[in-house]
There are 2 protein chains.
Amino acid sequence: MRLSKRGEYGLRAMIALAEPEENGNAPQMMQIKDISAREKIPSKYLEQILLTLKNSGFLHSKMGIGGGYYLAKPAQDITLGQIFRLLDGPVAPIKCVSQIAYEPCNCPDERTCGLRLVMGDVRNAIANILDNTTLADVVNRQNIIRKQLYG
Amino acid sequence: MRLSKRGEYGLRAMIALAEPEENGNAPQMMQIKDISAREKIPSKYLEQILLTLKNSGFLHSKMGIGGGYYLAKPAQDITLGQIFRLLDGPVAPIKCVSQIAYEPCNCPDERTCGLRLVMGDVRNAIANILDNTTLADVVNRQNIIRKQLYG
DNA sequence: TCTAAAGCATACTAAAATAATAGACTTTAT
DNA sequence: ATAAAGTCTATTATTTTAGTATGCTTTAGA
């Protein structure tokens, strides 16, 4: 059940972009190279990923000197599930339980297929987490733990 | 978050082997070709998978004419998680939250890494289902639905 | 207005994983 | 003896993944 590097990098970048600046709370603008350096992501690869995120409406960008990327929407309006599906495809472990990419499996009887029933549960469990966790939730959680650990 | 064909075929085969015979409740012996035909799995590929399951102690076999495979343990003692991990590897979406294949991720601070926290939840959600569902549970569930649908 | 810094876009490629297929061997019932 | 079954290992074709490469466009500022 792996998350691809592509998905991992994309999620990391979006979380980084959702983190408020030290001084204020404004959604910050960051350059590819900043994210790349901080998250240790190959910058040319990250470029592709951010472009995809932009073309799908999750990011806005500013070109030219002093440019960079910033969230197209407030962090609480972007879920991890949206980012995941864009970069990694359907959440479902098996097509016959996918909401967005359904295909019949070739078991004798789909309705009573035990594997399908269980994988449906798995899909729902994953989707429940990813679709109900926003970038803001993640940042919040990070901050709580930081406080617990470092005061 | 895909389940590989290998994993899918292995799980289907194990579930088939856990289904009681029409007459009694004895764990049945089935031949590769039977499973292959019923579940529409390429038989040579299935052969490999069943061998792996056998060499890991989940199946026993009988060679020669009239031979076949049968569960090495009662169906309620084999979990889907065990089969999954054998054929598909770790359940965790990302190494740094894996119980059986941990590796550090290269985020700045692993303890406060938001992605890691969420993916830890995902891992636990998946593992909770797969490790607490036995072959017997699956067969049971199938039977309940069969009764509901076909009386 | 020139230039450098940034993002935009697409093409390409190396390596790994996946999903098989092939073929020769061993065991066992009849 | 032989045919039916599992055992074992090697090979292969395809796809996916993870990245590189290259040229283009936009923009700020000297």
Side-chain angles (χ1 to χ4, degrees), chain A residues 1-13 17 28-37 39-72 84 86-90 93-95 101 105-106, chain B residues 1-13 17 28-37 39-72 84 86-90 93-95 101 105-106:
Chain A
M1 293 294 197
R2 254 226 7 288
L3 173 68
S4 70
K5 285 293 175 190
R6 193 176 142 84
E8 180 189 333
Y9 294 161
L11 286 164
R12 281 195 197 287
L17 283 164
Q28 58 192 321
M29 181 156 77
M30 291 179 81
Q31 297 186 344
I32 293 172
K33 64 176 178 207
D34 299 331
I35 302 173
S36 155
E39 305 287 336
K40 288 173 197 131
I41 301 171
S43 74
K44 268 310 221 180
Y45 195 25
L46 181 60
E47 196 177 308
Q48 274 183 20
I49 296 166
L50 294 182
L51 195 53
T52 301
L53 285 161
K54 187 209 148 152
N55 289 337
S56 301
F58 294 110
L59 292 178
H60 285 161
S61 66
K62 186 158 172 270
M63 279 179 107
I65 291 179
Y69 285 98
Y70 54 98
L71 297 186
F84 181 97
L86 175 66
L87 299 173
D88 258 42
I94 202 172
K95 289 273 178 65
C105 50
N106 46 9
Chain B
M1 292 289 197
R2 253 225 11 286
L3 172 68
S4 70
K5 285 293 175 190
R6 193 177 142 84
E8 178 189 334
Y9 295 162
L11 286 165
R12 281 196 197 288
L17 283 162
Q28 59 192 321
M29 181 155 79
M30 290 178 83
Q31 297 188 342
I32 293 174
K33 64 175 178 207
D34 298 332
I35 302 174
S36 155
E39 306 287 336
K40 288 176 196 127
I41 301 171
S43 74
K44 268 309 224 179
Y45 195 26
L46 181 59
E47 194 178 305
Q48 274 182 23
I49 296 167
L50 294 181
L51 194 54
T52 301
L53 285 161
K54 187 209 148 153
N55 289 336
S56 300
F58 295 110
L59 292 178
H60 284 159
S61 66
K62 187 156 172 272
M63 280 177 106
I65 293 179
Y69 284 98
Y70 55 97
L71 298 185
F84 180 97
L86 175 66
L87 299 174
D88 258 42
I94 202 172
K95 287 274 177 64
C105 48
N106 46 10

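Proteins get letters first, then strands, A, B, ... in listed order; numbering begins at 1 in each.
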Would you sort out whether A:F58 and A:L86 count as a side-chain contact (heavy atoms from CB on, under 4.5 Å), showing the intermediate values? CA-CA 10 Å; A:F58 294 110; A:L86 175 66; 3.9 Å; yes

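- Rounding to the nearest 0.5 angstrom, the gap separating the OG atom in B:S61 from the CG atom in B:N55 is 9.0 Å.
- Within 4.0 Å (heavy atoms only), A:K5 reaches sugar-phosphate atoms of the nucleic acid but no base atom.
- Between A:K54 and the phosphate of C:dC8, there is a side-chain N or O to OP1/OP2 separation shorter than 4.0 Å.
- Put simply, the side chain of A:E47 and the base of D:dT20 share no donor and acceptor less than 3.5 Å apart.
- In the set D:dA5, D:dT27, D:dG19, D:dG19 carries the atom at the smallest distance from any side-chain atom of A:Y45.
- Each of B:Y69 and A:S4 lies near DNA chain D, and the nucleotide nearest B:Y69 is the one positioned closer to the 5' end.
- Closest to the side chain of A:K44, from the set D:dT22, D:dA5, C:dA20, is D:dT22.
- In this model, the phosphate group of C:dT28 is not approached by any side-chain N or O of B:K62 to a distance below 4.0 Å at OP1 or OP2.
- Residue B:L59 contributes atom CG, which lies 14 Å from atom C1' of D:dT7 at whole-angstrom precision.
- Separating the CD1 atom of A:I49 from the P atom of D:dT20 is a distance of 12 Å, rounded to the nearest angstrom.
- If you check distances only, the side chain of B:Q48 never reaches the base of D:dT7 with a donor-acceptor pair under 3.5 Å.
- Protein atom CG of B:N55 is 8 Å distant from nucleotide atom C1' of D:dT7, rounded to whole Å.
- Separating the CE atom of B:M63 from the C1' atom of C:dA29 is a distance of 13 Å, rounded to the nearest angstrom.
- For the pair B:Q31 and A:G64, both in contact range of DNA chain D, the more 5′-proximal nearest nucleotide belongs to B:Q31.
- Each of D:dT20, D:dC8, C:dG7 was ranked by its minimum atom distance to the side chain of A:I32; first place goes to C:dG7.
- Between A:L50 atom CG and C:dG7 atom P there is a gap of 8 Å when expressed in whole angstrom units.
- For A:N106 and C:dA19, the CG to P distance is 13 Å, given to the nearest whole Å.
- Judged by distance alone, with hydrogens and angles left aside, the side-chain atoms of A:S36 form a donor-acceptor pair with the main-chain N or O of A:I41 at under 3.5 Å.
- For B:S61, taking side-chain heavy atoms from C-beta onward, the closest of the listed nucleotides D:dC8, C:dA20, D:dG6 is D:dG6.
- Between C:dA19, C:dA9, D:dA18, one nucleotide has an atom nearer to the side chain of A:R2 than all others, and that is D:dA18.
- As a whole-Å value, the separation of A:D88 CG from D:dT16 C1' is 12 Å.
- Here the CD atom belonging to B:Q48 is positioned 10.5 Å from the CD1 atom belonging to B:I32, to the nearest 0.5 angstrom.
- With hydrogens and angles disregarded, no donor-acceptor distance shorter than 3.5 Å links the side chain of B:D88 to the backbone of B:L3.
- For the pair A:T52/A:R6, a side-chain contact is recorded, criterion being any heavy-atom separation below 4.5 Å from C-beta on.
- B:Y9 has a side-chain polar atom (N or O) that falls below the 4.0 Å cut-off from OP1 or OP2 of C:dA20.
- One interatomic measurement links the two molecules: CD1 of B:I65 to C1' of D:dT2, which rounds to 8 Å at whole-angstrom precision.
- Nearest to the side chain of A:L51, among C:dA9, C:dA5, D:dG6, sits C:dA9.
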